[in-house]
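For clarity, every value in this text was computed on a predicted model and none was experimentally measured. Sequence positions, counted from 1, serve as the residue numbers for this chain.
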Amino acid sequence: MNVSAPVPAPTVRAEPPKDRTRLWASIAAVLFLPAAALASVLVLASAQASRCLTYGENCASGLPEWLFWWSAGVGAVALLTALAATALRMRQAALAVQIFAESTALMVILSHG
């Protein structure tokens with residue numbers, strides 16, 4: 001009888017999942033500018049904002065302006081953190097903060113209508 005030693009199976013190395021947080025942070029930052037422009041156009045297209053702009057009457061105050069600048073600044077810092085951080089968890093947290101801050105800035109723009 002010819003019995004040979006069992007051949008060990010080759011070990012398969014699974015590649016770690018690709019981290020795309022830097023890509024998504026960049027996409028969110030690039031898309032924020034057209035979204036802010038579109039939100040501004042939507043606000044100016046409303047009857048109340050047009051009347052306020054044209055005649056200076058019936059102007060709503062909306063959310064405070066400092067909230068827009070605060071959220072835009074936090075979004076920029078979060079973008080830089082998401083691009084520069086080495087730890088995956090930190091990049092993911094920075095991406096979540098960036099999206100929340102950008103959403104807040106867009107809500108401030110839309111609240112002025």
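In terms of heavy atoms, Ile109 sits closest to Val43 at O-CG2, 3.2 Å. Leu79 and Ser26 make their closest contact through CD1-N, 4.2 Å (heavy atoms, listed as atom of the first residue, atom of the second, distance). Considering every non-hydrogen atom in both Ala82 and Ala94, the closest pair reads N-CB, 3.7 Å.
With hydrophobic clusters built from ILVMFWY side chains whose heavy atoms lie under 4.5 angstrom apart, Trp66 shares a cluster with Leu63. Val74 and Leu67 end up in the same hydrophobic cluster when Ile, Leu, Val, Met, Phe, Trp and Tyr side chains are linked at under 4.5 Å. Trp24 and Val97 are not part of a single hydrophobic cluster, where members link through side-chain heavy atoms under 4.5 Å apart.
The side chain to side chain contact (heavy atoms under 4.5 Å, CB included) test applied to Leu88 returns Asp19, Arg91, Gln92, not counting sequence neighbours. Take Trp69 and apply the side chain to side chain donor-acceptor pair (under 3.5 Å) test, not counting sequence neighbours, and it matches Glu65.
Once rounded to the nearest 0.5 Å, the distance linking CZ of Phe32 with CD1 of Ile99 reads 12.5 Å. Taking CG from Leu95 and CG from Leu23, the interatomic distance works out to 10.0 Å, rounded to the nearest 0.5 Å. How far CD of Gln98 is from OG of Ser71: 12.0 Å, rounded to the nearest 0.5 Å. To the nearest 0.5 Å, the span separating OG1 on Thr21 from CG on Leu83 amounts to 8.5 Å.
The list of disulfide bond (SG atoms under 2.5 Å apart) pairs with a residue in residues 55-112, not counting sequence neighbours, reads Cys52-Cys59.
A side-chain donor-acceptor contact under 3.5 Å links Arg22 to the backbone of Ala85. Using a distance-only test at 3.5 Å, with no hydrogens or angles considered, a donor-acceptor pair links the side chain of Ser111 to the main chain of Val108.
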